[in-house]
Amino acid sequence: MPSFDEVLKEAGEFGRFQKRVFFLLCQTGVTFSFLFASVVFLGQAPGSYWCRIPGGAELSERCNWSLQEEENFTLLSLRLVNGSASGHCERLDISWDASTSCASPLAHSPNVSVGSPRLAACQGSWVYHQPHSSIVSEYNLVCGHSWMLDLSQAILNLGFLAGAFTLGYAADRYGRILIYLLSCLGDGICGIIVAFAPNFTVFLIFRFLQGVFAKGTWMTCYVIVTEIVGSSQRIIGIVIQIFFTLGIMILPGIAYLLPTWQGIQLAISLPNFLFLVYYWFVPESPRWLLTRKKGEKALKIMHDIAKHNGKYLSPHYSEITVSNAEVSNPSFLDLVRTPQMRRNTLILMYAWFTSALIYQGLVMRLGIVGGNLYLDFFISGAVELPAALLILVTIDRFGRRLPFAISNFVAGIACLITAFLPEDIPWLKTTVATLGRLGITIAFEIVYLVNSELYPTILRNFGVSLCSSLCDLGGIIAPFLLFRLAAVWLELPLIIFSILAVVCGILVMLLPETKGISLPETVEDVEQLS
C-alpha cells in the first residue's frame, strides 16, 4: 500500500491547490500579529492627565471655568504648596463646595499651608485630555494601577497558553479545519466584546478568551499548511512568518489612522469573521483523516488536489485507506515516553520559551528607549523581513539545525555586546541591538518549522501546541522580567537574554536534522531519526 507522501508526490507537492490554501491561511498570520502586539497601541500612555479635587466639576460649572482653567487652578494650587508635585498621582487634601470662592478657591481651606502641605493620593478622579484614546485612560491604569497594563498583556499570553493546550488537543481529536473555523469565530466575537467592555475585569476576561481562540487559529493554520505539502516544500512554514511580520508593519498604520483604542480593537478583530468563508475553500488535512481511519475522505481530497494541480492519480491509489499510525488520544506522556521523543520535547520547550522571552523583551525595550512610537514600531517590523529571506536561502543548503543554533548564538552575543556599549555611540548600540533582534527572529521562525517536523502525524498538532505553550509562558514573564530588572540596571535584561540564547544554541545542536526527510507518521519513525 503506498504511503501518503508517495500519493502526495503524484498529486503534486506544492501545486495550484496548495498555493491557494497557503495564501488563504497565511492571512491568519497578519491578524494574529495584530493581537500579539496590540497592547503597544491599546495601552499608550496618555499625553497629559491630572487629578481632580473633589467637588471640582461642580465648582467649575458654577464658576463657568473651562477645563483648562480648572486644571490651572488645581495644579497651580498644588505647586504653590509643593513645588515638586506633578499632579498626576496626588492632589491637595481638600474638597471644594458651594462656599468655595471662584476667584480664590484655596481661601479658607484648612489643610493648605505653605511649608506643611497635606496631600492625598488620587483615587479614580483623573482627567485626561484624550479620555478614550487608550485603555490606560479608559480604565485609569495610571499611578498605583499602572502594573495592570502589564497584567493585560500577561493575561493575553495566558490565553495563548490555554489555547495551545485545549485547542491543540481538540484539533488532533476533532480535526484541523473544524477547530480553525470555531477559533476564528470565537476570536472575532471576543474581540468585539473587549472593545465594548464596561470595566477592566470584563476586558481582562474576554482578552484572555480572545487569546485562547487566536492561538487556535494560528497553530491550526500552520499545521494544515505543513501537512498538505511535500517534504521538499515544508519551508513554506517559514514564509507564513513573513505574513506575521507584515502584520507587525501594518499595525502602526492602523493605530495612527484610528484615534481611539476601541477603533483599533475592532479593526484587528473583525477580519476574523472573513476567515469563516474558508469552510468552502480549505479542506480537512488528509494526513489527519488517515490517522482517524477516514481513508475514503482522505482519498477524495487527494483526488481533488490532483485535479486542481492538473495531475492524475494512478488507479492503484484507490486502495489507500489508512496509514500505519495507531489512533490514540494524545497526552503529554506520549511526548516523553521514548528517548528521542523525550529529548526533542524538552529541547523544543526550552527553545520556544527562550525565543519568546527574548523576542518580546527586545520589542518592549523599544518603549523604554523612547522616540516616535509609530515609526520605531514599523522599522522594528521591517527588520524582521530579512530573517525569513535568510532562512529561505540557507535552510535547504545547510539544513535546519545549524542556522537554528547560529541564530541563537548571534542573538546572545549581540545582546551581551549591546549591554556594554557606551551610550554616546547610539548608532553602534542600535546597530548591534538590531542584529540581536534579527538573530532571535530567525530562531523564533525556525523553531516553528523544526517543531512540526519532529513529531508524528497523530501527535503533531498536540506536540506543536504543547511545546509552543512555553512560548506563551515566556510572554507572560517577559514584561515583568524586563521592567523589574531594568529598574535595577537598564541593560541587565540584555545579560539575561544573552545567557538564555547561548544555552539554547548549544541545546538545539542535539536535535536530529530533518532536511529532506518525510514527515514522520508514527513514534517509531521519530525514534529512527538520527
Side-chain angles (χ1 to χ4, degrees), residues 30-51 67 88-89 122 124-160 186-214 247-273 360 363-364 366-368 370-378 380-381 475 478-479 483:
V30 176
T31 55
F32 182 75
S33 70
F34 287 166
L35 180 62
F36 183 85
S38 61
V39 71
V40 175
F41 300 100
L42 295 180
Q44 286 189 72
S48 178
Y49 61 97
W50 48 280
C51 188
L67 190 62
H88 289 165
C89 302
C122 195
S125 54
W126 287 279
V127 178
Y128 304 92
H129 287 279
Q130 294 179 307
H132 302 290
S133 62
S134 75
I135 61 174
V136 173
S137 56
E138 185 77 23
Y139 303 116
N140 292 326
L141 308 183
V142 294
C143 301
H145 298 150
S146 60
W147 64 273
M148 292 184 178
L149 180 61
D150 296 336
L151 177 64
S152 71
Q153 183 66 6
I155 287 292
L156 177 67
N157 279 280
L158 189 61
F160 291 159
D187 193 349
I189 292 174
C190 291
I192 293 174
I193 297 175
V194 166
F196 297 103
N199 54 61
F200 191 59
T201 300
V202 174
F203 176 90
L204 288 180
I205 291 172
F206 283 93
R207 187 162 170 82
F208 167 81
L209 292 175
Q210 188 176 18
V212 171
F213 289 117
I248 293 291
M249 297 171 65
I250 294 171
L251 181 59
I254 295 174
Y256 182 80
L257 294 174
L258 298 174
T260 65
W261 75 268
Q262 289 96 337
I264 298 172
Q265 174 65 23
L266 289 174
I268 66 177
S269 301
L270 291 177
N272 286 283
F273 293 113
Q360 290 200 38
V363 170
M364 290 186 293
L366 292 173
I368 300 177
N372 185 314
L373 177 60
Y374 302 99
L375 180 60
D376 290 348
F377 199 86
F378 173 82
S380 73
F483 296 120

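Since the model is a prediction, treat every value here as computed from it, not as a measurement. Only heavy atoms go into these numbers, but all of them, side chains included; no hydrogens, no water, no symmetry mates.
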Trainee: Return the set of residues passing side-chain hydrogen bond (donor to acceptor under 3.5 Å, both in side chains) with Tyr256 (not counting sequence neighbours), or none when no residue passes.
Mentor: none

Trainee: Run the side-chain hydrogen bond (donor to acceptor under 3.5 Å, both in side chains) test against Gln265 and tell me which residues pass, sequence neighbours left out.
Mentor: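 side-chain hydrogen bond (donor to acceptor under 3.5 Å, both in side chains) check on Gln265 returns Gln210, Ser269.
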
Trainee: Nearest 0.5 Å, what's the CZ-CG distance between Arg207 and Leu42?
Mentor: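 Reported value, rounded in 0.5 Å steps: 6.0 Å.
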
Trainee: List the steps, then state whether side-chain contact (heavy atoms from CB on, under 4.5 Å) holds for Phe213 with Ile189.
Mentor: CA-CA 10 Å; Phe213 289 117; Ile189 292 174; over 6 Å; no

Trainee: What's the spacing between Ile135 CD1 and Thr260 OG1 if we round to 0.5 Å?
Mentor: 13.0 Å

Trainee: State, to 0.1 Å, how close Pro271 and Leu266 come at their nearest heavy-atom pair, and which atoms those are.
Mentor: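 Where Pro271 meets Leu266 most closely, the heavy atoms are CD-O, 4.3 Å.
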
Trainee: Which value, rounded to the nearest 0.5 Å, describes the distance between Tyr139 atom OH and Phe203 atom CZ?
Mentor: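 Nearest 0.5 Å value for the OH-CZ distance: 6.0 Å.
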
Trainee: Where do Leu209 and Ile193 land on the side-chain contact (heavy atoms from CB on, under 4.5 Å) test, with the steps shown first?
Mentor: CA-CA 10 Å; Leu209 292 175; Ile193 297 175; over 6 Å; no

Trainee: What closest approach, in Å, do Ile192 and Leu270 show between heavy atoms, and which atom pair accounts for it?
Mentor: CD1-CD2, 3.7 Å

Trainee: What closest approach, in Å, do Phe273 and Gly188 show between heavy atoms, and which atom pair accounts for it?
Mentor: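 Minimum heavy-atom contact is CZ-C, 3.4 Å.
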
Trainee: Can you name the one residue among Asn157, Val194, Ile155 that meets side chain to side chain contact (heavy atoms under 4.5 Å, CB included) with Phe208?
Mentor: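 So, applying the side chain to side chain contact (heavy atoms under 4.5 Å, CB included) to Phe208 and each of Asn157, Val194, Ile155, only Ile155 qualifies.
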
Trainee: Given the rule in the side-chain contact (heavy atoms from CB on, under 4.5 Å) test, do Phe200 and Asn140 qualify, once you have shown the distances and angles that lead to the verdict?
Mentor: CA-CA 9 Å; Phe200 191 59; Asn140 292 326; over 6 Å; no

Trainee: Walk me through whether Gln153 and Leu158 qualify under side-chain contact (heavy atoms from CB on, under 4.5 Å).
Mentor: CA-CA 9 Å; Gln153 183 66 6; Leu158 189 61; over 6 Å; no

Trainee: Give me the atom names and distance for the closest heavy-atom approach of Leu156 to Leu35.
Mentor: CD2-O, 3.5 Å

Trainee: Would Phe32 and Phe160 count as a close aromatic pair, with their ring centres under 6.0 Å?
Mentor: yes

Trainee: For residues Ser137 and Trp126, determine if any side-chain heavy atom of one lies less than 4.5 Å from a side-chain heavy atom of the other.
Mentor: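 No; the side chains remain at least 4.5 Å from each other.
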
Trainee: Kindly check if Cys122 and Cys51 bring their SG atoms closer than 2.5 angstrom.
Mentor: yes

Trainee: Hey, could you give me the OG/CG distance between Ser33 and Leu251, rounded to the nearest 0.5 Å?
Mentor: 7.0 Å

Trainee: For a quick test of reading the model, state the closest non-hydrogen atom pair linking Gln360 to Phe36 and the distance between them.
Mentor: NE2-CZ, 3.4 Å

Trainee: Going by side-chain hydrogen bond (donor to acceptor under 3.5 Å, both in side chains), name the residues that satisfy it together with Asp150, two or more places apart in sequence or in a different chain.
Mentor: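 For Asp150, no residue satisfies side-chain hydrogen bond (donor to acceptor under 3.5 Å, both in side chains) once neighbours in sequence are set aside.
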
Trainee: Knowing that exactly one of Phe378, Trp261, Tyr374, Phe34 qualifies, which makes a ring pair (Phe, Tyr, Trp, His ring centres under 6.0 Å) with Phe41?
Mentor: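 Answer to the ring pair (Phe, Tyr, Trp, His ring centres under 6.0 Å) test with Phe41 among Phe378, Trp261, Tyr374, Phe34: Tyr374.
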
Trainee: Is any side-chain heavy atom of Val39 closer than 4.5 Å to a side-chain heavy atom of Ser152?
Mentor: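 Result yes, sub-4.5 Å side-chain heavy-atom pair found.
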
Trainee: On a heavy-atom basis, which atom in Phe206 and which in Cys190 lie closest, and how many Å separate them?
Mentor: O-CB, 3.8 Å

Trainee: Verify, without hydrogens or angle tests, whether Ser134 (side chain) and Gln44 (backbone) share a donor-acceptor contact under 3.5 angstrom.
Mentor: yes

Trainee: Assign the ring pair Tyr128 / Tyr49 to parallel, tilted or perpendicular, where the plane angle (0 to 90°) is split at 30° and 60°.
Mentor: tilted

